[in-house]
Amino acid sequence: MTEGDRLDVQPVRGMRDYVGVEGAHLLSLLAVFWEQVALFGYTPCLTPLLEEAGVFFRSLGESSDVISKEMYTLLDRGGDPLVLRPEGTAGIVRALLSNRLHQDMPAHLAYAGPMFRYERPQKGRLRQFHQVGVEHFGDASPEADVESLLLSWRFLTAVGIAGDSCLQINTLGDPESRAAFRQCLIDHLTPVAHTLSADSQRRLHTNPLRILDSKDLADHQALIGVPSLQDFLTPSARDHFDRVCAGLKALGMPFEINPRIVRGLDYYVHTTFEWVHGGLGAQGTVLAGGRYDGLVRTMGGPDLAGVGWAAGLERLMLATFPPAPSPPCVVVMPEDEAPPFGAHQLADAFRHVGISAMVWAEGSMKKRMKKAAQRGIPHVVFVGQAPEHTGTVRLKIMATGQQYTLSPAQAVTVLTGGAL
RNA sequence: GCGGGCGUAGCUCAGUUGGUUAGAGCGCUAGGUUGUGGUCCUUGAGGUCGUGGGUUCGAGACCCAUCGUUCGCCCCA
């Protein structure tokens, strides 16, 4: 670029920076997540952002929008098709197989990181967004669903929004139940297809179950009299769901059964659920997941059960308060223009006892003090080389304005709680 | 991908029916204050009015396109 041209300093559409308190907010949610999953015995499983395209084409199902039009695809220099991951589960399953973890069941894996979907950006919906999630492999019992749901509840509680959110659960049944219901739905709706919304007419061919999820009034009309998926459940699928619900009740978890909850990704079976936060508008689903017993097999592995969920950190950020900013406890200010003899040593002495410290050498003293007050820094230490200051520093308590002349060692002692 | 709103200084916003050198508050700069802040006063800097076209004697205001953002749909976390 030629001189005088200005670089376009905008981030890529739908992607953003997390600066200062926003960065701290994101990190604090991550900290809560890792703390909670550790309590449940999950181990971290961090996978690459790029996967071979087949990982997602195979797992997510071609009918889903995520696959058909939202993936960031690219060819690497060798000509291999790669995809920036649009979700976490497929990569985790790939990692499970790559690392032969399926030989040591059960596996409890947790992940966190950026995901990429080429969608129209909106509040709570970005093209690069961040998810945390858990996957539990090798346990087909309802107890695994209950435990995963309990973890989701603990996580949202620790983050502080469980009370403002509502857990909705449903069952899709086993593949047989689901296929039978799907056909029934098609049979019922095809004769009245012309009354459906344009979106649902399309869904009738791609993913009929999603019509149940429609917000369109005409669609609601058309669905009157259509049997429920519940009517198609096999006895064992029915029993699985009943036991999940019983487990949640026993734990005192609030939930409601919503027969219209249908996940968009094709791999889900049996239990499916969403935590919806009020007051986030159209992007209110803050955490969602379910059971995906066929997925590992679909991807070329053994027939392993799986259940898990993912949560969107950006949406959690909208629903929670950022942590209070934490300025350094003490700032060391050299008074002399000469090299700041001792300033770094003193700052490091504070750090050695766990007190955060910075050295500010630049600018007039007035400017530095003003900035210190602005940022809420509680303590300032002045160091200088004037003869009368030999061997001493001056510690100022910003809240009171009081200032004490001390030896460097005394200053450290005072801030660790020692007496003056 | 579809429909609507918005886009003026670092931030929050004014800008009269299109009419001279585009304003305020906060922030920033320098000072009033004898090496040191949070109040007050003064000083200075900072704007291709998102971008590109068009209409007009004249556009920050009107029209078109485009980019970004926002709300709804779609989708999903």
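Letters go in sequence order (proteins before strands), and every chain restarts at 1.
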From [X] [atom1] over to [Y] [atom2], what is the distance, rounded to the nearest 0.5 angstrom?
{"X": "A:I257", "Y": "A:L167", "atom1": "CD1", "atom2": "CG", "value": "10.5 Å"}
{"X": "A:L204", "Y": "A:T190", "atom1": "CG", "atom2": "OG1", "value": "4.5 Å"}
{"X": "A:M115", "Y": "A:Q131", "atom1": "CE", "atom2": "CD", "value": "5.0 Å"}

Given the [atom1] atoms of [N] and [M], what is the spacing between them in whole Å?
{"N": "B:rA24", "M": "B:rU34", "atom1": "C1'", "result": "37 Å"}
{"N": "B:rC49", "M": "B:rG44", "atom1": "P", "result": "24 Å"}
{"N": "B:rG46", "M": "B:rG23", "atom1": "C1'", "result": "14 Å"}
{"N": "B:rA14", "M": "B:rU29", "atom1": "C1'", "result": "25 Å"}
{"N": "B:rC67", "M": "B:rG52", "atom1": "C1'", "result": "10 Å"}
{"N": "B:rC40", "M": "B:rU33", "atom1": "C1'", "result": "12 Å"}
{"N": "B:rU48", "M": "B:rG53", "atom1": "C1'", "result": "16 Å"}
{"N": "B:rG18", "M": "B:rU12", "atom1": "P", "result": "28 Å"}

Searching all strands shown, indicate the nucleotide that pairs with [N] (Watson-Crick or G-U wobble; both distances under 3.5 Å).
{"N": "B:rG10", "answer": "B:rC26"}
{"N": "B:rU36", "answer": "none"}
{"N": "B:rA59", "answer": "none"}
{"N": "B:rU69", "answer": "B:rG5"}
{"N": "B:rU20", "answer": "none"}

Is the base of [N] touched by the side chain of [X] through a donor-acceptor pair closer than 3.5 angstrom?
{"X": "A:R203", "N": "B:rC74", "answer": "no"}
{"X": "A:Q122", "N": "B:rU69", "answer": "no"}
{"X": "A:K396", "N": "B:rU36", "answer": "yes"}
{"X": "A:R120", "N": "B:rG3", "answer": "yes"}

Whole Å only: how far is the [atom1] atom of [X] from the [atom2] atom of [N]?
{"X": "A:E274", "N": "B:rC75", "atom1": "CD", "atom2": "P", "value": "12 Å"}
{"X": "A:I211", "N": "B:rC75", "atom1": "CD1", "atom2": "P", "value": "10 Å"}
{"X": "A:E119", "N": "B:rU69", "atom1": "CD", "atom2": "P", "value": "14 Å"}
{"X": "A:L316", "N": "B:rA77", "atom1": "CG", "atom2": "P", "value": "13 Å"}
{"X": "A:R117", "N": "B:rC74", "atom1": "CZ", "atom2": "P", "value": "16 Å"}
{"X": "A:R127", "N": "B:rC67", "atom1": "CZ", "atom2": "P", "value": "11 Å"}
{"X": "A:E362", "N": "B:rU36", "atom1": "CD", "atom2": "P", "value": "15 Å"}
{"X": "A:H130", "N": "B:rC76", "atom1": "NE2", "atom2": "C1'", "value": "17 Å"}

**Message:** I'd like to check the salt bridge (Lys or Arg N to Asp or Glu O under 4.0 Å) partners of A:R243; sequence neighbours left out, ordered by chain and number.
**Reply:** A:D239

What's [X] touching, base or sugar-phosphate or nothing? Going by heavy atoms closer than 4.0 Å.
{"X": "A:G124", "answer": "base"}
{"X": "A:A372", "answer": "nothing"}
{"X": "A:G14", "answer": "sugar-phosphate"}
{"X": "A:R16", "answer": "nothing"}
{"X": "A:R368", "answer": "nothing"}
{"X": "A:M398", "answer": "base"}

**Working for side chain to side chain donor-acceptor pair (under 3.5 Å), residues A:S148 and A:D145** = CA-CA 5 Å; A:S148 194; A:D145 306 43; over 6 Å; no

**Prompt:** Using a distance-only test with no angle check, is there a side-chain donor-acceptor pair under 3.5 angstrom linking A:Y18 and A:E314?
**Reply:** yes

Check every atom of [options] against the side chain of [X] and return the nucleotide holding the closest atom.
{"X": "A:E314", "options": "B:rC76, B:rA77, B:rC71", "value": "B:rA77"}
{"X": "A:A373", "options": "B:rU36, B:rC74, B:rG38", "value": "B:rG38"}
{"X": "A:K366", "options": "B:rC76, B:rG32, B:rC74", "value": "B:rG32"}
{"X": "A:R13", "options": "B:rG38, B:rA77, B:rU69", "value": "B:rU69"}

**Fill in**
Taking for A:K123 and for A:G401 the nucleotide of RNA chain B with the nearest heavy atom, the one nearer the 5' end belongs to A:G401

**Message:** Using side-chain heavy atoms (C-beta onward) and a distance below 4.5 Å, is A:H240 in contact with A:V244?
**Reply:** yes

**Asked** Taking NZ, NE, NH1 and NH2 as the nitrogens, is one of them in A:E22 or A:R16 under 4.0 Å from a carboxylate oxygen of the other?
**Response** yes

Under 3.5 Å, N/O pairs linking protein and nucleotides 26-30 of chain B:
| from | atom 1 | to | atom 2 | distance (Å) |
| --- | --- | --- | --- | --- |
| B:rC28 | OP1 | A:Q374 | NE2 | 2.8 |
| B:rU29 | OP1 | A:K367 | NZ | 3.2 |

**Prompt:** More than 12 foreign heavy atoms under 6.0 Å from CZ of A:R154: is that the case here?
**Reply:** no

**Request:** Mind telling me whether A:F33 and A:W309 have parallel, tilted or perpendicular rings, with 30° and 60° as the class edges?
**Result:** perpendicular

